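The sequence lines fix the lettering, A, B, ..., with proteins before strands; numbering per chain opens at 1. It should be emphasised that the depicted structure is a prediction, and the values quoted were computed from it without experimental measurement.
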Amino acid sequence: MVDLNQLNEYQRNRLEKAERLREQGIDPYPLRTQRTHTSREAIQALEEAPSEDDAPRVVVAGRLVALRVMGKVTFAHIEDRDGRVQLFFQLNTLGEEAYTRAKKLLDLGDIIEAEGHMFRTRTGEPTVRVEAWRMLAKALNPPPEKWHGLSDVEQRYRYRYVDLMSNPDVRRIFETRSRMIRAVRRFMDAHGFLEVETPILQPVYGGAEAEPFVTHHNWAKRDLYLRIAPELYLKRLLVGGFERVYEIGKNFRNEGVSTKHNPEHTAMEAYQAYADYNDMMNLAEQLWYHVALDVHGTAQLPYGEQTLDFTPPWPRITLRDAILERTGIDIDAARTFDALRDAIHERGLRVDEKPTWGKLVDELFSEYVEPHLIQPTFIIDYPREISPLAKQKPDDPDTVERFELFIAGMEVANAFSELNDPVEQERRFEAQQAHRAAGDTEAHPMDEDFVNALMYGMPPAGGIGFGIDRFAMIFTNQKSIREVILFPTLRERQEHHESESEET
RNA sequence: GGCCGCGUAGCUCAAUUGGGAGAGCAGCUGACUCUUAAUCAGCGGGUUGGGGGUUCGAGUCCCUCCGCGGUCACCA
């Protein structure tokens, strides 16, 4: 509800102008327009015209982004999806009424339509000589400053629509993100993968280590979880007989925010029957190599000070070797929690205390190896106890066939040879329950139905999940995940009057 | 959640050791028939994020709350 008393000077002025249009019998928000050309098409039509005398007649529409009133002639620019085109309003051409209406009632930010023949101004700029114009949507809020745009980061995220209208670079980021996702789909479709959709509302969450959001289903009178991963449903589809499936969608993890984390993030997960984690590495290399070529026309992408090279093959280093190289600690020679902790202390390394050997390995890796993994690198073979859904290596049951992909110091994919032994899977779930009982709130819950599915037989398979937002960061050279999410999670802004003395 | 920083007009930003809240853009009025960050003349516009305190006096110092950014913890 618009409270007329709360409007500021700008809003009152503009509302007043809308009312004056109505008084003249003109709807400031008409139902439709008959645009014939975008800005680029209008300019192109002029360039293709055999002579100025044959200049095309066009109807263009867009947001008024520049306005220069010079007495009996007025220049303006409108912006549409293709760019900008100049409009030329002239008293002699438009007549007193239409010209004055433009001069008095147009404001920056208004959406308008203009009709006329194209011509070139004295400076050679292709321009619409306006013979008729119409308001399509009167803007009541003024746009940001014309030269600097909107730069306050909070306002850019909170009022993304203003950010998008005033900062073309921001629009370009999201166009690139969209092209990237389309390229991913093309690649997967071309390789025989079926795109599917699985539940976001889940009675039992799983497929990752994270705390879920809880919601409530009134009809069923029960709580449901927002998924933290689609993994267990996608593997049920392998049981059902689909051999190659993938899903692109949101996961929800009840965590804090950072430059690399948003509580809802977009993932792409893919599962391939009769494949293993080596096939998934090949898939990852080919996928992103082709997406890079598709989106940017090159496999070399600038990222900060670095240039990331997506040309396959990418290095494949065992977790053990990676840690050994960076810290001098051989985790194979320190297979117990105490032995590993002692080795860490001996070398004077600083890592946070963790409850188990596996978590300690993970911590050691995150602290000393991960930040150095700039070029695309596969880290392979992880501890079984932190990988409850991956299959053991035949010669080493404490290690599983799992890899994570790192680019620019970020984890961007997680994959394994999928565990398909129902009895072993149940044991892994039970071990997770022990972790949960010991206070690990991110331990994987028991999923009896998933075990039941495996009991029908799931083909040996490779599976992989990609962090799409992080790839979007890489593809658009952004340091914060919020720059590649249209509406990142923010706190709700409180009205000051309400909660003055309630805070304690 | 911890630590550091920031919050001033619609937007972009100033304001000396604590001393009369300012500029540009935008807006309003007027001039101007080829401008393009148009130009020129004049005018208006503020809960300095909210609340409290110290002081003769607070945008500035202190406390507290809110929001945002960075960083740490966790993760794709």
Side-chain angles (χ1 to χ4, degrees), chain A residues 7-14 16 65-77 84 86-93 99 104 107-109 119-125 127 129 140-158 162 166 207-211 228-229 231 251 253-263 265-269 352 354 359 362-363 366-367 370 404-406 410-415 440-442 464-471 473 479-482 488 490-504:
Chain A
L7 296 181
N8 64 32
E9 177 193 354
Y10 296 87
Q11 296 164 331
R12 278 198 307 273
N13 276 335
R14 287 160 176 261
E16 164 87 9
V65 292
L67 189 61
R68 297 177 292 278
V69 180
M70 305 182 54
K72 298 185 177 60
V73 64
T74 294
F75 289 91
H77 276 88
R84 295 182 175 195
Q86 182 167 257
L87 307 182
F88 181 66
F89 296 84
Q90 195 177 26
L91 177 61
N92 292 353
T93 310
Y99 182 76
K104 295 290 185 184
D107 285 301
L108 293 178
F119 78 111
R120 287 181 188 278
T121 61
R122 221 169 264 168
T123 57
E125 180 168 347
T127 301
R129 185 186 304 276
L140 298 187
N141 281 326
E145 210 256 4
K146 65 182 174 188
W147 196 243
H148 299 92
L150 185 69
S151 64
D152 181 81
V153 179
E154 177 180 353
Q155 296 203 52
R156 286 188 45 237
Y157 297 157
R158 212 173 274 287
V162 185
S166 72
E209 288 200 356
E211 291 192 54
I228 59 173
E231 170 151 355
N251 292 335
R253 300 188 178 179
N254 210 329
E255 301 165 345
V257 301
S258 79
T259 48
K260 296 186 176 67
H261 300 85
N262 195 64
H265 68 269
T266 301
M268 194 279 267
E269 285 200 13
D352 291 342
K354 292 291 167 183
K359 293 260 184 184
D362 198 41
E363 181 66 16
S366 302
E367 192 72 26
E370 184 171 337
E404 293 184 320
L405 171 61
F406 294 87
M410 294 189 289
E411 183 190 343
V412 293
N414 185 20
D440 180 0
T441 55
E442 295 185 344
I464 190 163
F466 296 100
I468 293 296
D469 305 298
R470 289 186 181 175
F471 273 100
M473 291 167 66
K479 284 182 299 183
S480 170
I481 201 167
R482 290 179 214 103
L490 298 174
R491 285 176 205 266
E492 189 177 9
R493 198 159 213 190
Q494 284 182 296
E495 285 307 317
H496 298 122
H497 322 289
E498 294 174 3
S499 56
E500 279 167 9
S501 53
E502 291 171 17
E503 317 297 335
T504 47

Could you let me know what [N] is paired to, Watson-Crick or G-U wobble, both distances under 3.5 Å, or none if it's on its own?
{"N": "B/rG59", "result": "none"}
{"N": "B/rC3", "result": "B/rG70"}
{"N": "B/rC43", "result": "B/rG27"}
{"N": "B/rG18", "result": "none"}

Round to the nearest Å and state the distance from [X] atom [atom1] to [N] atom [atom2].
{"X": "A/Leu91", "N": "B/rC32", "atom1": "CG", "atom2": "C1'", "answer": "13 Å"}
{"X": "A/Asn8", "N": "B/rG27", "atom1": "CG", "atom2": "P", "answer": "13 Å"}
{"X": "A/Asp107", "N": "B/rC11", "atom1": "CG", "atom2": "P", "answer": "17 Å"}
{"X": "A/Ile464", "N": "B/rA76", "atom1": "CD1", "atom2": "P", "answer": "13 Å"}
{"X": "A/Asp362", "N": "B/rA76", "atom1": "CG", "atom2": "C1'", "answer": "13 Å"}
{"X": "A/Leu150", "N": "B/rA9", "atom1": "CG", "atom2": "P", "answer": "13 Å"}
{"X": "A/Arg12", "N": "B/rG44", "atom1": "CZ", "atom2": "P", "answer": "16 Å"}
{"X": "A/His261", "N": "B/rU71", "atom1": "NE2", "atom2": "P", "answer": "12 Å"}

Could you check whether any side-chain N or O of [X] sits under 3.5 Å from a backbone N or O of [Y], counting only pairs where one atom can act as donor and the other as acceptor?
{"X": "A/Asn251", "Y": "A/His265", "value": "no"}
{"X": "A/Glu145", "Y": "A/His148", "value": "yes"}
{"X": "A/Thr123", "Y": "A/Thr121", "value": "no"}

Using a heavy-atom cut-off of under 4.0 Å over every strand shown, decide if [X] touches base, sugar-phosphate, or nothing.
{"X": "A/Gln90", "answer": "base"}
{"X": "A/Asn262", "answer": "base"}
{"X": "A/Ala413", "answer": "sugar-phosphate"}
{"X": "A/Gly256", "answer": "nothing"}
{"X": "A/Asp152", "answer": "sugar-phosphate"}
{"X": "A/Glu442", "answer": "sugar-phosphate"}
{"X": "A/Phe119", "answer": "base"}
{"X": "A/Glu367", "answer": "sugar-phosphate"}
{"X": "A/Ile468", "answer": "nothing"}
{"X": "A/Ile481", "answer": "base"}
{"X": "A/Glu125", "answer": "base"}
{"X": "A/Tyr157", "answer": "sugar-phosphate"}

Can you tell me which nucleotide in [options] comes closest to the side chain of [X]?
{"X": "A/Glu363", "options": "B/rC74, B/rU33, B/rA73", "result": "B/rC74"}
{"X": "A/Glu404", "options": "B/rU36, B/rU12, B/rA76", "result": "B/rA76"}
{"X": "A/Glu154", "options": "B/rA76, B/rG67, B/rG10", "result": "B/rG67"}
{"X": "A/Lys359", "options": "B/rA76, B/rC75, B/rC68", "result": "B/rC75"}

Is [X] close enough to [N] that one of its side-chain N or O atoms is under 4.0 Å from OP1 or OP2 there?
{"X": "A/Lys104", "N": "B/rG30", "value": "yes"}
{"X": "A/Ser151", "N": "B/rC13", "value": "yes"}
{"X": "A/Thr259", "N": "B/rU71", "value": "yes"}
{"X": "A/Arg156", "N": "B/rG69", "value": "no"}
{"X": "A/Arg482", "N": "B/rG70", "value": "yes"}
{"X": "A/Arg158", "N": "B/rC68", "value": "yes"}
{"X": "A/Gln155", "N": "B/rC11", "value": "yes"}
{"X": "A/Arg491", "N": "B/rC66", "value": "no"}

Would you mind checking if A/Lys359 and A/Glu442 are paired as a salt bridge, meaning a charged N to carboxylate O distance below 4.0 Å?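 No, this pair does not count.
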
For A/Glu255 and for A/Asn92, locate the closest nucleotide of RNA chain B by heavy-atom distance; then report the residue assigned to the nucleotide nearer the 5' terminus.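 Of the two residues, A/Asn92 wins.
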
RNA chain B: A/Leu490 or A/Leu108, which has the more 5' nearest nucleotide?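 Comparing both residues, the 5'-ward one is A/Leu108.
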
Looking only at non-hydrogen atoms, find the nearest pair between [X] and [Y] and report the distance.
{"X": "A/Ala208", "Y": "A/Ala229", "value": "CB-CB, 4.2 Å"}
{"X": "A/Glu269", "Y": "A/Gly465", "value": "CG-CA, 3.8 Å"}
{"X": "A/Arg470", "Y": "A/Val412", "value": "CB-CG1, 4.0 Å"}
{"X": "A/Tyr99", "Y": "A/Leu91", "value": "CD1-N, 3.6 Å"}

With stacking defined as ring centroids separated by under 5.5 Å and planes differing by under 30°, is A/His265 stacked against B/rA76?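 So yes, this residue stacks on that base, both cut-offs being met.
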
Protein and nucleotides 37-40 of chain B: nitrogen or oxygen contacts under 3.5 angstrom:
{"from": "B/rA37", "atom 1": "O3'", "to": "A/Lys146", "atom 2": "NZ", "distance (Å)": "3.2"}
{"from": "B/rA38", "atom 1": "OP1", "to": "A/Lys146", "atom 2": "NZ", "distance (Å)": "2.4"}
{"from": "B/rA38", "atom 1": "OP2", "to": "A/Arg68", "atom 2": "NH1", "distance (Å)": "3.4"}
{"from": "B/rA38", "atom 1": "N6", "to": "A/Val69", "atom 2": "O", "distance (Å)": "3.1"}

Quantified in whole Å, what is the [atom1] atom distance between nucleotide [N] and nucleotide [M]?
{"N": "B/rG49", "M": "B/rC66", "atom1": "C1'", "result": "7 Å"}
{"N": "B/rU60", "M": "B/rU17", "atom1": "C1'", "result": "11 Å"}
{"N": "B/rG27", "M": "B/rG70", "atom1": "P", "result": "33 Å"}
{"N": "B/rG5", "M": "B/rA9", "atom1": "P", "result": "23 Å"}
{"N": "B/rC3", "M": "B/rG46", "atom1": "C1'", "result": "33 Å"}
{"N": "B/rG2", "M": "B/rA37", "atom1": "C1'", "result": "45 Å"}
{"N": "B/rU39", "M": "B/rG22", "atom1": "P", "result": "24 Å"}
{"N": "B/rC43", "M": "B/rG24", "atom1": "P", "result": "12 Å"}

Looking at A/Asn8, A/Leu7, A/Asn13, which one forms a side chain to side chain contact (heavy atoms under 4.5 Å, CB included) with A/Tyr10?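 Exactly one option meets the side chain to side chain contact (heavy atoms under 4.5 Å, CB included) with A/Tyr10, and it is A/Asn8.
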
Parallel, tilted or perpendicular: which one describes the rings of A/Phe88 and A/Phe75, with boundaries at 30° and 60°?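 It falls in the tilted class, 30° to 60°.
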
Test A/Met473 against A/Ile481 for side-chain contact (heavy atoms from CB on, under 4.5 Å), laying out the working first. CA-CA 6 Å; A/Met473 291 167 66; A/Ile481 201 167; 3.9 Å; yes

